[in-house]
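Take a look at the structure below.
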Amino acid sequence: MNEFELIARLTSTLPRNASVLVGPGDDCAVVEPPAGADTVLLLKTDAVVSGVHFTPETPPEQVGHKALGRCLSDIAAMGGTPLHALVTLGLPKDFDADYLDGVYAGLNDLARRYDVAIVGGETVLNPDRLMLSVAVVGSAPRNRVILRSGARPGDAIFVSGRLGGSLEGHHLDFEPRLAEAQWLARHFSVHAMIDLSDGLAGDLGHILEGSGVGAELLAHAIPISRAARRAAKAPGAKKTALLASLTDGEDFELLFTVASSDAVSVLDGWKQQFPGTPLTCIGKITAERQAILRTREGPRPLPKHGYLHFS
Ligand SMILES: [Mg+2]
């Protein structure tokens, strides 16, 4: 199969949505601008590379899922709605068309679930390994875009899900928290939000830096995943479960702050709306610009070492 045959095969089943006027096949895709006078666009691109973000053994559906899911998680973190995606494939010379079908099956499945149209892309030769770069366009009401820079002293800090040990599997099959983030943005004044890609400590650091504030976290409140607990018990484990939950990357959960006066209604509303997904208040924002972890043994500096992606 040559490249043109491959493109024809991959583009024959791409998900569309109501806004697509011209999909793949022309020089550019043509789409309707999002409705609403006060709507802004969100633009995001992200790449996954074989040997870095997945392995040659990873099922191809999960590779596609992860490549798009990372972008959708970022759109979620802004309180936005994803609309369109473009996919660039870096292909080794001896590409396996069936494997790529699987990659696209994963991409398409996730896109359909959130009504995201895959409107085009491109293939390039990338001699030694497969890579996938996905660009997503989303939208959000102008006055409801949630940045990292809005956290205020006294805010309650919340995190969704359970943290740590993602490399045991969660990083390949996570569900981007779009529904949860849109619900939050609609019903509450969320001061700052980020999705967890580098680890809780590192990503909280981005909010603190962006907002010019500090934080106090309660060690006993951090929701630790089963995978992190299991990994900490394994022989030769390098991290305690708590440290893993603070510093492991790729949880793709939401970390956000709201005024403490909103904290109880956020928790109550969330429990009714998303009973299957934990939401935990893990601490508060402080004026003093440092990150403290309160443990039974007393306050400690929050361990800074988040997961560092290769680049
Ligand atoms: Mg992010």
Side-chain angles (χ1 to χ4, degrees), residues 40-49 52-54 63-87 107 110-111 114 116 131-140 144-151 157-164 166-167 170-185 190-211 213 215 225 245-258 277 279 282 285 291 302 304-311:
V40 292
L41 291 178
L42 307 174
L43 310 176
K44 178 69 196 183
T45 183
D46 199 274
V48 294
V49 179
V52 180
H53 303 92
F54 60 93
V63 173
H65 176 96
K66 180 172 185 177
L68 178 61
R70 288 164 61 97
C71 285
L72 299 191
S73 181
D74 280 316
I75 298 280
M78 307 296 285
T81 304
L83 303 171
H84 311 111
L86 298 160
V87 181
L107 269 170
L110 182 60
Y114 293 102
V116 177
M131 68 155 279
L132 251 102
S133 173
V134 179
V136 170
V137 177
S139 71
R144 272 201 229 139
V145 179
I146 305 168
L147 307 180
R148 300 173 178 188
S149 52
I157 305 170
F158 283 95
V159 72
S160 65
R162 297 188 203 284
L163 309 180
S166 177
L167 292 179
H170 180 68
H171 76 113
L172 292 169
D173 63 9
F174 68 92
E175 195 65 26
R177 298 286 188 205
L178 280 162
E180 293 86 345
Q182 287 165 10
W183 174 83
L184 283 169
V190 179
H191 290 172
M193 184 150 66
I194 191 169
D195 67 315
L196 294 184
S197 50
D198 297 338
L200 173 62
D203 288 320
L204 175 64
H206 295 311
I207 287 184
L208 302 185
E209 216 164 283
S211 304
V213 293
S225 73
S245 70
L246 292 170
T247 62
D248 282 357
E250 307 215 319
D251 287 313
F252 299 110
E253 295 293 348
L254 297 171
L255 176 70
F256 62 91
T257 83
V258 296
T277 305
L279 180 71
I282 56 171
I285 297 290
L302 186 67
K304 266 273 165 174
H305 292 288
Y307 178 82
L308 293 179
H309 294 285
F310 304 104
S311 54

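In each ligand, atom 1 is the first atom listed, and ligand 1 is the first ligand listed.
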Self-check item: Minimal non-hydrogen separation, Ala192 against Arg148, with atom names
Solution: CB-O, 3.8 Å

Quiz item: In this structure, which one of Val87, Leu132, Val134, Val48 forms a side-chain contact (heavy atoms from CB on, under 4.5 Å) with Leu68?
Solution: Val134

Quiz prompt | Option from Ser160, Pro176, Ser197 for which side-chain contact (heavy atoms from CB on, under 4.5 Å) with Phe252 holds | solution = Ser197

According to side chain to side chain donor-acceptor pair (under 3.5 Å), who are the partners of [X], at least two apart in sequence or on a separate chain?
X	answer
Ser166	none
Asp203	none
His171	Lys66, Glu250

Quiz prompt | Polar protein atoms (N, O or S) that approach the Mg ion (ligand 1) to under 2.8 Å | solution = Asp74 OD1, Asp195 OD1

